[in-house]
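Working notes, beginning with the structure itself.
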Amino acid sequence: MVNEVILVGVIKEIEKSDEFKNKLKIQIERQYKDGYERKFDLVNCMYWKSIYEKIIKNVNIGDMVAIKGRLEEENESFVVMIENFVLLNKTKHNVLKVQ
């Protein structure tokens, strides 16, 4: 059996909910339009504290990311459990300053 998900989207929310697991919401644009409007999906993701320490503490809302993970059931709904996380671009307010 294969359970693998790859998503590319924009971070909309970062929340700490547990000592070991935390939540992240990303917005993904659909490839088609509904009339003249663009449509977006909001996907709930979860990550372990170790991923936060390595990567997520350095990103902000509005950054574009690529996520590789797996689907898991959490409280009768599905979430993406993040296994790998790549920052694709930073927002203007999140640029690290070189000294």
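Keep in mind that the numbers below use all heavy atoms, side chains included, and drop hydrogens, waters and symmetry copies.
By the 4.5 Å heavy-atom criterion applied to side chains, Lys21 and Glu74 are counted as neighbours. Under the 4.5 Å side-chain criterion, counting only non-hydrogen atoms from C-beta, Tyr47 is in contact with Leu24. Residues Leu7 and Val80 meet the side-chain proximity criterion, which asks for heavy atoms closer than 4.5 Å.
With values rounded to the nearest 0.5 angstrom, Glu4 atom CD is found 7.5 Å from Glu83 atom CD. The line from SG of Cys45 to CG of Asn22 is 12.5 Å long, rounded to the nearest 0.5 Å. The NZ atom of Lys39 sits 7.0 Å away from the CZ atom of Arg30 when rounded to the nearest 0.5 Å. Put simply, CE on Met81 and CG on Leu71 are 11.0 Å apart, with the number rounded to the nearest 0.5 Å. Atom CD1 of Ile82 sits about 7.5 Å away from atom CD1 of Ile26, to the nearest 0.5 Å. Here NZ of Lys25 is found 5.0 Å from CG of Asn44. Values are rounded to the nearest 0.5 Å.
Side chain of Asn84 to main chain of Lys68: no donor-acceptor pair is present (N/O by atom type, distance under 3.5 Å, no hydrogens or angles). In terms of modelled atom types and a separation under 3.5 Å, the side chain of Asn3 and the main chain of Arg70 share no donor-acceptor contact.
Few gaps surround CD on Glu73; more than 12 heavy atoms of other groups in view lie less than 6.0 Å from it.
Taking hydrophobic clusters as Ile, Leu, Val, Met, Phe, Trp and Tyr residues chained together by side-chain heavy-atom distances below 4.5 Å, Trp48 shares a cluster with Met46. Follow the hydrophobic side-chain contacts under 4.5 Å out from Ile67 and you reach Ile61 in the same cluster. At a threshold of 4.5 Å between side-chain heavy atoms, the hydrophobic network of Ile, Leu, Val, Met, Phe, Trp and Tyr places Phe40 and Ile14 in two separate groups.
For Val59 against Leu87, the heavy-atom pair with the smallest separation is CG1-CD1, 3.8 Å. Taking each heavy atom of Val8 and Ala66 in turn, the nearest pair found is CG2-CB, 4.1 Å. When all heavy atoms are compared, the tightest approach of Met64 to Asn89 is CB-OD1, 2.9 Å.
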- Item | Ile28 vs Val43, side chain to side chain contact (heavy atoms under 4.5 Å, CB included): CA-CA, chis, key distance, verdict | CA-CA 8 Å; Ile28 302 169; Val43 179; 3.7 Å; yes

